[in-house]
There are 2 protein chains.
Amino acid sequence: MKRHAIPSQFRSHHPHPCDGNLPSDLNAVLQQRVTELAEATLELSKGETLAHSGMPFKHLYLVVSGGFKSVQIGEDGQSQIVSFHFPRELMGLSGFAQHAYTTDLIALAPSLVCEFPVAAVKSVLGADRTLLDHFLTYISESLARAERDQFMLGSLSATQKIACFLLRLQDNLRHAGADPECFDLLMTREEIGSYLGLTMETISRLFSQLQMAGVARVDKRQVRILRGDLLQVWRDEGVEFATRKRKKIPALKLA
Amino acid sequence: MKRHAIPSQFRSHHPHPCDGNLPSDLNAVLQQRVTELAEATLELSKGETLAHSGMPFKHLYLVVSGGFKSVQIGEDGQSQIVSFHFPRELMGLSGFAQHAYTTDLIALAPSLVCEFPVAAVKSVLGADRTLLDHFLTYISESLARAERDQFMLGSLSATQKIACFLLRLQDNLRHAGADPECFDLLMTREEIGSYLGLTMETISRLFSQLQMAGVARVDKRQVRILRGDLLQVWRDEGVEFATRKRKKIPALKLA
DNA sequence: CGGTCGCTTGATAATCGTCAATTGATGTGG
DNA sequence: CCACATCAATTGACGATTATCAAGCGACCG
């Protein structure tokens with residue numbers, strides 16, 4: 001992990017490493033105010049850990065490029081990915097409560113982040129009413145996302161989960177101005193499975209099934225969505241999860 | 001739903017309906033400042049809806065007595081409970097983002113809440129640095145809780161889920177100064193199932209199993225925890241989910 | 001008193017996890 | 001440069017976990 005300090009006299013000048021990389025609602029007029037806070041940029045290589053669960057909560061991080069997984073550790077050592085973070089997203093927001101990070105933040109690929117000292121963030125939030133408003137919006141949005149994830153984990157079938165997952169990736173890409181039909185996954189099947197509450201094998205089978213159904217082409221990490229409309233059907237209504245040939249004889253009732 | 005307005009000249013005087021009912025970190029010196037904001041108290045009977053998903057986000061609510069479920073609605077009308085809210089908890093925090101509630105908030109029992117206008121809350125957060133700090137702590141705590149829920153939904157077995165659920169209820173009761181060994185559930189089996197990503201029948205069987213194992217006594221909604229230590233074992237290591245008599249013959253390997 | 005609701009329990013089956021074997025890609029050291 | 005190991009992914013066979021369907025029961029309510 002390479003650290004590049006940003007001299008303070010440089011912080012209000014352009015160009016700045018965070019330019020154009022703020023969450024949707026923190027951009028525009030607020031951008032300059034926020035970039036003034038950036039203390040450093042960090043360069044991580046794939047697999048490096050930016051924050052460790054339980055360690056003192058000193059910084060918030062803005063993803064500039066690359067991607068991260070946020071890993072929750074259970075009482076007995078199991079772990080699950082609870083979210084992925086892509087460019088223009090803030091990481092570490094759940095750390096305010098216990099003054100400690102609640103998850104590990106690990107780079108999925110070579111990545112760049114901006115580092116914001118918590119104290120400075122709090123300070124500027126107290127001083128700038130508009131920024132506070134946008135910050136509340138952002139953290140609230142994170143909460144809403146977690147609620148949707150809970151719904152996904154608890155109420156959807158395997159086929160609905162991947163459809164949901166892929167559709168959200170597409171939304172992300174659209175917001176980033178990238179091609180939502182054709183993209184690269186930054187994560188392994190196992191990581192997707194961890195996030196969706198499924199196993200690696202199930203994810204693999206689901207990708208095969210998506211391909212057989214003509215919904216998408218998947219080659220290694222390269223994904224091309226062919227039928228977004230069908231994907232929505234998969235998400236909203238679900239389809240049969242194909243393992244072996246079905247034997248379905250609905251059994252007749254007795255009088 | 002009965003509304004009781006609080007005259008503003010009364011807001012800074014004692015006694016106040018919200019006294020002693022603020023989230024752990026919003027109490028002490030902050031209590032007065034916060035109670036000054038309370039616009040009204042609302043009295044709900046069981047089953048009444050305090051906030052509707054998608055409706056304009058105007059108020060935050062503090063639970064004074066009773067309890068609530070927060071219900072997430074899926075694309076196609078399914079629904080899942082994503083959290084329960086008990087006295088001293090704030091509800092509605094996920095509404096800042098879209099200026100709309102993201103879930104339905106429904107009373108599990110006759111309940112009392114304090115109503116805080118969002119605009120007034122924002123305003124006082126901008127003015128009072130300490131309060132802002134505690135508010136961030138609280139919303140961050142909500143986010144951390146949602147992450148733990150995701151872990152529970154995605155990584156635990158049915159037996160681990162109930163153990164986890166009951167242990168959290170106990171923690172809640174301890175914080176409220178109530179008896180953590182003996183309490184009443186405010187929710188039905190179906191509601192617990194919805195929250196844990198299981199069915200009503202599974203919850204019922206799990207309660208029966210808890211009783212047979214001597215871990216707890218469950219009679220309708222009355223629960224008495226007999227062996228908190230075993231409950232932790234259930235949560236951390238899990239136990240076999242008993243349906244019919246097990247047939248387990250681990251099969252030997254071939255050379 | 002009939003009806004609905006919450007709950008329990010049993011029988012059966014679908015979904016998805018586990019285990020195993022295989023392949024291709026990547027990387028490493030002799 | 002070629003074994004050699006490692007890792008991500010695919011696919012099959014099998015079975016456990018948990019959902020679904022069904023029946024019954026007590027409690028409460030109009």
So which pairs with a foot in [range] pass salt bridge (Lys or Arg N to Asp or Glu O under 4.0 Å), sequence neighbours left out?
| range | result |
| --- | --- |
| residues 188-203 of chain B | K69(B)-E191(B) |
| residues 145-156 of chain A | E89(A)-R145(A), E141(A)-R148(A), D149(A)-R168(A) |
| residues 106-115 of chain A | R3(A)-E115(A) |
| residues 55-66 of chain A | none |

* Asked: Counting only non-hydrogen atoms, which of residues 77-85 of chain A are less than 4.0 Å from DNA chain D?
  ->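 Under 4.0 Å from DNA chain D: no residue of residues 77-85 of chain A.
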Write down the distance between [atom1] ([X]) and [atom2] ([N]), rounded to a whole number of angstrom.
| X | N | atom1 | atom2 | value |
| --- | --- | --- | --- | --- |
| F241(B) | dA19(D) | CZ | C1' | 10 Å |
| L210(A) | dT11(D) | CG | P | 13 Å |
| Q222(A) | dA8(D) | CD | P | 19 Å |
| L196(A) | dG17(C) | CG | P | 10 Å |
| L198(B) | dA19(D) | CG | C1' | 10 Å |
| E240(A) | dC16(C) | CD | C1' | 14 Å |
| K46(B) | dC29(D) | NZ | C1' | 13 Å |

Discussion item. Would you say Q78(B) and S155(A) are linked by a side-chain donor-acceptor pair, where the criterion is simply a distance under 3.5 Å?
Written reply: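 Judged by distance alone, the side chains do not pair up.
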Which residues pass the salt bridge (charged side-chain N to carboxylate O under 4.0 Å, His left out) test with [X], sequence neighbours left out?
| X | value |
| --- | --- |
| R224(B) | none |
| R221(B) | none |
| R217(B) | none |
| D229(B) | R227(B) |

Protein N or O to nucleotides 6-9 of chain C N or O, pairs below 3.5 Å:
unit_1	atom_1	unit_2	atom_2	d
dC7(C)	OP1	R221(B)	NE	2.8
dC7(C)	OP2	R189(B)	N	2.8
dT8(C)	OP1	R189(B)	NH2	3.1
dT8(C)	OP2	R189(B)	NE	2.8
dT8(C)	OP2	S204(B)	OG	2.8
dT8(C)	O5'	S204(B)	OG	3.1
dT9(C)	OP2	S208(B)	OG	2.5

Point to revise | Contact residues, residues 156-168 of chain A to DNA chain C [heavy atom, < 4.0 Å] | key: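 The stretch gives S157(A), A158(A) as the residues lying under 4.0 Å from the strand, ordered by number.
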* To do: Could you check whether G197(B) gets within reach of a base, just the sugar-phosphate, or nothing at all, counting any heavy atom under 4.0 Å?
  =>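 It contacts sugar-phosphate atoms only.
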Output side-chain donor-acceptor pairs under 3.5 Å for residues 178-185 of chain B, partner residues at least two apart or in another chain, one line each.
unit_1	atom_1	unit_2	atom_2	d
D179(B)	OD1	E181(B)	N	2.9
D184(B)	OD1	Q222(B)	NE2	3.1

Q211(B) side chain vs V218(B) backbone, donor-acceptor pair below 3.5 Å: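 Pair found, side chain donor or acceptor close to backbone of V218(B).
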